[in-house]
Structures are given as structure tokens and as C-alpha cells.
Amino acid sequence: TRHLDLSRRPYKIVPSEVLRITTLTTLKLAHYGMENMLEGISQLVNLTLLELHDNRLRGLPDSMQQLTGLQRLSLGRNWLCRLPYCLTSMQQLKDLQVEENQLSVIFADIQHCSSLTELNARGNCLRQLTPALVLLTHLQTLDVSENQIPFVPKEMGAMTHLVRLSLKGNYIVELPLEWCTLAEGHL
């Protein structure tokens with residue numbers, strides 16, 4: 001088995017047998033009611049897609065750093081207050097969905113996710129954007145709508161690779177002058 005979908009199950013604990021299916025590339029555990037992720041998830045080193053959205057997760061185990069081939073991670077609608085540290089070693093990660101959590105900041109560590117093409121952090125409690133986002137040279141979609149962001153760092157004007165940027169529902173009064181290059185057809 002390479003794909004396993006256990007979403008919408010009435011259990012709060014992932015069966016330990018799942019951890020023995022080391023050939024898994026896709027694991028869906030959405031709407032599961034989980035509060036903690038199994039430490040043993042790191043055994044599933046072939047995972048490229050992991051869906052953990054709509055649970056009650058407050059964090060992820062550091063051992064998930066071993067999931068270096070992960071390309072899509074869906075953590076939306078959990079109880080995360082910060083991005084898990086284990087993301088820093090996921091250099092193949094292209095799509096990170098962390099919408100509707102309780103994130104107040106995206107730390108500069110996000111730059112280690114160097115393959116990221118999409119970041120969805122809509123509907124959190126973000127009060128600022130890190131200038132380190134400019135180092136994500138593959139990032140094409142950035143959704144930080146419905147947060148509490150008062151300004152955008154001028155450094156982000158260099159993000160000419162962005163195709164879609166959503167800032168709606170924030171407290172932004174003006175955009176930096178450096179963003180004129182983005183307005184010339186890049187967004």
C-alpha cells in the first residue's frame with residue numbers, strides 16, 4: 001500500500017500498524033481528533049504527502065525531521081501557536097498549509113524550506129511577516145489574509161517570483177514603495 005486515508009475516523013490514536021507500512025507515500029489523517037502525533041511517524045520516510053488538518057494538534061514531534069522527502073504538509077485548523085521546528089529539515093517541502101491555527105509569527109527558520117512554492121497561513125493571529133520570506137525563491141503563492149498584519153516588510157518587494165499574494169483582511173494601510181516592481185505584472 002502506498003496511499004492510506006484514515007480521515008474522519010472516530011479514533012484519537014493512529015493504529016501502530018500504520019507505522020509498519022514503510023512504503024506509504026500518502027497518509028491522510030484529517031478530521032481525526034488527534035491531540036498528539038505519534039513519535040514513530042518518522043519511520044514513514046517515503047511520505048511525500050501528509051494531511052493532518054482539522055485535528056487538535058499543538059505541535060509535531062521533532063523526530064519528523066526525518067521526513068525529508070515530504071512535499072505537501074497540511075496542518076490547517078489545528079491548535080498550533082508556532083510552526084513546528086521539524087519543518088526546518090524538510091527541504092523538499094513545496095506546499096505548506098497552516099491556515100486557521102493560532103500562529104502569531106512565522107519565524108525566519110521558514111527559509112530552510114527552500115523548495116516551498118505555496119504557503120497558506122490565512123486566518124491566524126500573525127502580527128508581522130518575517131523578511132526571511134524573501135529567501136524562499138520558489139514561493140509563488142503566499143496567503144496571509146485574515147491576520148493582524150499592520151505592515152509589509154520592504155524586503156518583500158524583491159519577491160518577483162510571487163504569482164499570488166493575498167493580504168486581505170489585515171490592517172495594512174500602505175504598501176512599501178519597493179513593491180512597485182510587483183505591481184508591474186508580477187502579481
Side-chain angles (χ1 to χ4, degrees), residues 30-31 33-37 50-62 64-65 67 70-184 186-187:
H31 299 275
M34 279 188 301
E35 294 179 12
N36 297 305
M37 194 65 220
L50 180 58
E51 289 188 2
L52 299 171
H53 58 85
D54 294 288
N55 280 291
R56 297 183 188 125
L57 298 172
R58 295 184 187 276
L60 297 175
D62 287 342
M64 281 186 62
Q65 291 178 10
L67 301 181
L70 205 59
Q71 295 179 18
R72 184 174 194 281
L73 179 58
S74 178
L75 293 168
R77 291 171 299 284
N78 276 288
W79 295 349
L80 300 174
C81 293
R82 63 178 187 82
L83 289 178
Y85 180 75
C86 61
L87 295 179
T88 60
S89 39
M90 296 181 182
Q91 295 179 0
Q92 300 294 319
L93 192 64
K94 294 179 182 183
D95 183 356
L96 178 59
Q97 304 291 317
V98 290
E99 75 279 4
E100 298 179 33
N101 275 283
Q102 300 166 16
L103 303 175
S104 59
V105 66
I106 294 177
F107 292 105
D109 290 350
I110 194 73
Q111 68 184 306
H112 297 293
C113 298
S114 55
S115 297
L116 211 57
T117 59
E118 181 172 342
L119 174 57
N120 179 358
R122 172 183 46 82
N124 278 283
C125 306
L126 296 176
R127 292 185 182 91
Q128 66 181 18
L129 293 175
T130 176
L133 287 170
V134 76
L135 300 173
L136 297 174
T137 57
H138 298 287
L139 193 64
Q140 296 178 3
T141 302
L142 176 59
D143 187 347
V144 289
S145 59
E146 308 299 331
N147 278 284
Q148 301 166 16
I149 301 167
F151 68 94
V152 179
K154 65 180 181 180
E155 294 88 349
M156 289 181 64
M159 296 179 76
T160 56
H161 46 277
L162 273 178
V163 175
R164 182 177 176 273
L165 173 63
S166 182
L167 295 166
K168 70 180 179 182
N170 282 290
Y171 305 124
I172 298 169
V173 181
E174 65 182 73
L175 293 175
L177 191 57
E178 290 81 2
W179 280 53
C180 290
T181 57
L182 293 178
E184 293 175 0
H186 292 289
L187 291 178

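- Put simply, the side chain of Leu70 does not reach to within 4.5 Å of the side chain of Gln92, judged on heavy atoms.
- Using modelled atom types, one side-chain atom of His161 and one backbone atom of Leu136 make a donor-acceptor pair closer than 3.5 Å.
- Looking only at side-chain heavy atoms (C-beta outward), Glu146 and Asn124 stay at 4.5 Å or farther from each other.
- Taking the salt bridge (charged side-chain N to carboxylate O under 4.0 Å, His left out) definition, one finds that Glu99 meets it with Arg77, sequence neighbours left out.
- Here the straight-line distance linking atom CG of Leu93 with atom OG of Ser115 works out to 8.0 Å at 0.5 Å rounding.
- Atoms CD and CG, on Gln111 and Leu139 in that order, are 13.0 Å from each other to the nearest 0.5 Å.
- Interatomic distance, NE2 of His138 versus CG of Leu135, reported as 12.0 Å (0.5 Å rounding).
- Remark: the backbone N or O of Arg72 is not paired with any side-chain donor or acceptor of Asp95 at under 3.5 angstrom.
- Rounded to the nearest 0.5 Å, atoms NE2 (His112) and CZ (Phe107) are 13.0 Å apart.
- Pairing each heavy atom of Ser89 with each of Gln65, the nearest pair is OG-CB, 3.0 Å.
- A 4.5 Å side-chain heavy-atom check between Ile172 and Val152 finds at least one atom pair inside the cut-off.
- Under 3.5 Å, the side chains of Glu118 and Gln97 contain a donor-acceptor pair of N or O atoms.
- Inter-residue side-chain proximity for Arg58 and Cys81 is flagged as unmet; no heavy-atom pair is nearer than 4.5 Å.
- Counting heavy atoms from C-beta outward, Leu119 and Thr141 have side chains that stay 4.5 Å or more apart.
- Residue Asn170 comes nearest to Ser145 through the heavy atom pair ND2-CA, 3.8 Å, listed as atom of the first residue, atom of the second, then distance.
- Judged by distance alone, with hydrogens and angles left aside, the side-chain atoms of Thr117 form a donor-acceptor pair with the main-chain N or O of Lys94 at under 3.5 Å.
- The closest donor-acceptor contact from the side chain of Asp109 to the backbone of Thr88 lies at 3.5 Å or more, if one exists at all.
- Residues Leu52 and Met37 have side chains in contact (heavy-atom distance under 4.5 Å, counting atoms from C-beta outward).
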Step by step, work out the side-chain contact (heavy atoms from CB on, under 4.5 Å) result for Arg122 and Ser166. CA-CA 9 Å; Arg122 172 183 46 82; Ser166 182; over 6 Å; no
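- Using modelled atom types, no side-chain atom of Asn78 and backbone atom of Asn101 make a donor-acceptor pair closer than 3.5 Å.
- The line from CZ of Arg127 to OH of Tyr171 is 9.5 Å long, rounded to the nearest 0.5 Å.
- When every heavy atom of Gln91 is checked against every heavy atom of Ser114, the shortest pair comes out as O-OG, 4.1 Å.
- Proximity of Thr130 to Val105: side-chain heavy atoms (C-beta onward) are nowhere separated by under 4.5 Å.
- The minimum heavy-atom distance between Met156 and Leu142, with the atom names listed, is CE-CD2, 3.7 Å.
- Looking at heavy atoms from C-beta onward, Ile110 lies in side-chain contact with Leu116 at the 4.5 angstrom threshold.
- Interatomic distance, CG of Leu75 versus CG of Leu87, reported as 7.0 Å (0.5 Å rounding).
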Trace of the side-chain contact (heavy atoms from CB on, under 4.5 Å) decision for Leu60 with Leu80: CA-CA 9 Å; Leu60 297 175; Leu80 300 174; 5.5 Å; no
Does Asp143 form a side-chain contact (heavy atoms from CB on, under 4.5 Å) with Arg164? I'd like the steps, not just the answer. CA-CA 8 Å; Asp143 187 347; Arg164 182 177 176 273; 4.0 Å; yes
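- Judged by distance alone, the side chain of Asn36 and the main-chain N or O of Leu57 form no donor-acceptor pair under 3.5 Å.
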CA sep, side-chain torsions, deciding dist, call: His31, Asn55, side-chain contact (heavy atoms from CB on, under 4.5 Å): CA-CA 5 Å; His31 299 275; Asn55 280 291; over 6 Å; no
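- Side-chain atoms of Asn147 come within 3.5 Å of backbone atoms of Ala121 as a donor-acceptor pair (strictly under, hydrogens ignored).
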